[in-house]
Q: 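Can you keep this structure in mind? I'll have questions shortly.
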Amino acid sequence: MTPLEMGLVGGDFRVGYRLQKTWDTTIAVAFFCGEVGAGLFFISLFTGLKSGFLLGLALVAIGKAGGHVVHLGRPSASWRALRKVRHSWISRGLASIMVFCIFGAVVTLDAFVPGQMPGALVAAASVIAGAAALVITVYQGLAMSHSSSIGLWSNGLMPVTSFAYALLGGMSVQLALGWGVLSPQMIDMLHVFALGLVLLGFVVVVSLIHAAKYGPEGGRKSVELLLSGENKMMFLALVLVVGFLATAALLTLGVGSRLLLFIAAMTELSGYFTFRVLMFKAGAYDPVFTLARPGRR
Amino acid sequence: MATWGMVFDLRRCIGCNACAVACKQENTLPNGVFFTKTLTITTGEYPNVTKTYVPTLCNHCEEPPCERVCPTGATYARPDGIVMVEANDCIGCGTCVIACPYDTRTILEGHHLKDGLFGQGQLTAYEKQGIGRFTKGTTIKCTFCHDRVDGGLDPACVVTCPTEARIFGDLDDPNSAPSRLIRQHKGRQPLPEKNTRPRVYYVG
């Protein structure tokens with residue numbers, strides 16, 4: 001029996017593939033909100049879109065932080081996660097969320113009530129909040145790829161995927177919110193960037209799957225679960241077709257229509273959320289197979 | 001200072017899982033939680049079928065990925081190599097469970113501490129005296145029975161194994177039983193490609 005012929009064994013006392021169950025939908029929601037919120041806020045720093053600041057900050061402060069609090073076994077002790085900033089991406093992520101919320105609130109407040117705070121303070125807060133937002137867009141991918149246990153995640157493309165999805169999600173929401181608020185030239189420019197990010201995201205996701213397929217045993221099993229198992233339709237239809245192809249088509253056709261841009265944002269976010277959920281659902285450990293050489297005793 | 005490790009002799013293991021039961025007794029593990037398991041792999045087709053048994057537990061790695069990713073420092077390695085979890089510091093984020101390639105860690109959920117071994121929502125007297133030391137929402141794992149080891153005894157799974165398939169000792173001592181077995185039988189580590197440098201070896 002080759003490793004790939006082995007089935008999923010769950011909690012059975014058999015050698016085979018085990019799926020990770022620890023990070024589930026609550027973490028997927030947290031990652032989704034964090035990346036879209038941070039991406040939206042980051043782009044709003046360049047466009048000055050007030051609703052982008054507010055929604056981005058809310059997604060991170062409420063959606064992401066809330067998702068993590070619900071997931072934690074001991075949320076009351078979560079402050080302890082700031083202890084190992086030098087070693088752990090979870091620690092770095094928590095620190096950047098806190099910095100982002102504090103300085104992002106300053107920037108948002110200034111956007112809605114301008115002139116109440118010194119210009120230098122707002123400028124410094126913008127730089128710090130932007131840097132923290134950038135960390136939030138990539139650290140989740142870095143946390144997932146940091147250890148080699150799950151082949152699908154243990155890949156340098158995972159943080160790139162996070163970054164591309166964060167910017168794409170932020171850009172698509174920015175287009176929907178900014179219609180009629182931002183200048184037509186700005187909308188045109190965001191359009192071009194959004195289409196480029198759709199292309200980048202598609203290539204990165206396909207490359208991630210390709211790398212996992214020819215990587216460790218667990219990664220191959222994960223790809224099998226994504227492309228031929230019960231998740232096949234969700235991955236192909238929602239992540240690839242709706243998330244990328246439909247979004248690209250709607251963005252191309254929707255230059256003059258707010259409704260189409262809104263639908264494009266919805267299709268992009270649907271594809272992205274499905275991707276996040278499936279990455280957790282299909283994460284498989286390698287079987288302890290190298291020791292189980294068959295032999296007669 | 002000794003560096004503790006274990007050797008599994010696959011030629012001797014008969015898959016009885018007495019080790020798993022002894023571990024559950026020693027550590028008062030809740031229903032559904034195991035620190036050690038003897039896994040089975042079945043090869044061939046009837047009538048030529050072979051079963052191989054693969055005992056597993058925390059490998060107390062030299063480069064423990066669980067320790068590296070822990071955001072609070074709750075997971076740490078003692079000077080003698082035993083990887084521990086400080087429950088007071090653990091926040092239950094699950095990052096260590098994800099990072100362990102051997103899937104040997106468990107997060108204690110509420111039902112673990114309530115269901116009881118018979119799954120009827122009632123704890124036996126035996127469970128009541130042992131389960132109280134656990135903290136809901138934290139990670140637990142094999143500690144090589146560190147209390148026993150500190151007192152000069154072998155882990156419970158080792159003394160229980162009826163075929164002496166589990167051999168425990170000081171890996172730094174070239175004359176210890178595990179060191180000799182590893183040297184003579186070219187002991188293999190589980191999933192060496194993960195670069196965790198386990199202190200658990202397999203021979204046979």
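Below, read A as the first sequence line, B as the second, and so on, with proteins coming before strands; counting in each chain starts at 1.
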Q: Where on A:Arg18 is there a heavy atom nearer than 4.5 Å to chain B: the side chain, the backbone, both, or neither?
A: side chain
Q: With rounding to the nearest 0.5 angstrom, report the CD1 to NE2 distance, B:Ile98 to A:His146.
A: 14.0 Å
Q: Who are the salt bridge (Lys or Arg N to Asp or Glu O under 4.0 Å) partners of B:Glu109, not counting sequence neighbours?
A: none
Q: Would one find more than 12 heavy atoms of other residues, nucleotides or ligands at under 6.0 Å from atom CE of B:Met84?
A: yes
Q: Which residue is it: B:Asp103, B:Thr139, B:Ile107? I am looking for the one with a side-chain contact (heavy atoms from CB on, under 4.5 Å) to A:Thr22.
A: B:Ile107
Q: Got a second to check how far B:Glu193's CD is from A:Ser148's OG, nearest 0.5 Å?
A: 8.0 Å
Q: Do other residues, nucleotides or ligands put more than 12 heavy atoms under 6.0 Å from the CZ atom of B:Phe118?
A: no
Q: Does any backbone or side-chain atom of A:Trp153 lie under 4.5 Å from a heavy atom of chain B? Answer side chain, backbone, both or neither.
A: side chain
Q: Where is the tightest heavy-atom contact between A:Lys84 and B:Thr72, given as atom of each residue plus distance?
A: CG-C, 4.0 Å
Q: Does CZ belonging to A:Arg86 count more than 12 external heavy atoms closer than 6.0 Å?
A: no
Q: Could you state the interatomic distance from CZ (A:Arg14) to NZ (B:Lys37), rounded to the nearest 0.5 Å?
A: 11.5 Å
Q: Looking only at atom types and distance, does a side-chain atom of A:Arg74 sit under 3.5 Å from a main-chain N or O of B:Asn88, one as donor and one as acceptor?
A: yes
Q: Quick one: does A:Trp89's side chain have a donor or acceptor within less than 3.5 Å of a partner on B:Pro71's backbone?
A: no
Q: Would you say CD of B:Gln129 has more than 12 non-hydrogen atoms from neighbouring residues, nucleotides or ligands within 6.0 angstrom?
A: yes
Q: Between B:Val69, B:Thr95, B:Asp89, who has the most heavy-atom pairs with chain A when the cutoff is under 4.5 Å?
A: B:Asp89
Q: Within a radius of less than 6.0 Å around NZ of A:Lys213, do more than 12 heavy atoms belonging to other residues, nucleotides or ligands occur?
A: no
Q: Among B:Gly15, B:Pro65, B:Cys70, which has the most heavy-atom pairs under 4.5 Å with chain A?
A: B:Cys70
Q: Measure the CG-CG distance between A:Asp12 and B:Leu39 for me, rounded to the nearest 0.5 Å.
A: 10.0 Å
Q: So, applying side-chain contact (heavy atoms from CB on, under 4.5 Å) with A:Val15, which one of B:Thr42, B:Thr56, B:Val54 is it?
A: B:Val54
Q: More than 12 non-hydrogen atoms from neighbouring residues, nucleotides or ligands closer than 6.0 Å to CD on B:Glu86, yes or no?
A: yes
Q: Give, as side chain, backbone, both or neither, the part of A:Ile150 having an atom under 4.5 angstrom from any heavy atom of chain B.
A: side chain
Q: Measure centre to centre between the rings of B:Phe34 and A:Phe13, then say whether the value is under 6.0 Å.
A: yes
Q: Heavy-atom distance under 4.5 Å to chain A: side chain of B:Lys194, backbone, both or neither?
A: both
Q: Identify the heavy atoms of A:Ser147 and B:Ala99 that sit nearest to each other, and give their distance.
A: OG-CA, 3.4 Å
Q: Assess whether side chain to side chain contact (heavy atoms under 4.5 Å, CB included) is satisfied between B:Glu67 and A:His87, documenting all intermediate values.
A: CA-CA 9 Å; B:Glu67 182 195 26; A:His87 299 283; over 6 Å; no
Q: Please flag which part of B:Cys93 lies under 4.5 Å from any non-hydrogen atom of chain A: side chain, backbone, both or neither.
A: both
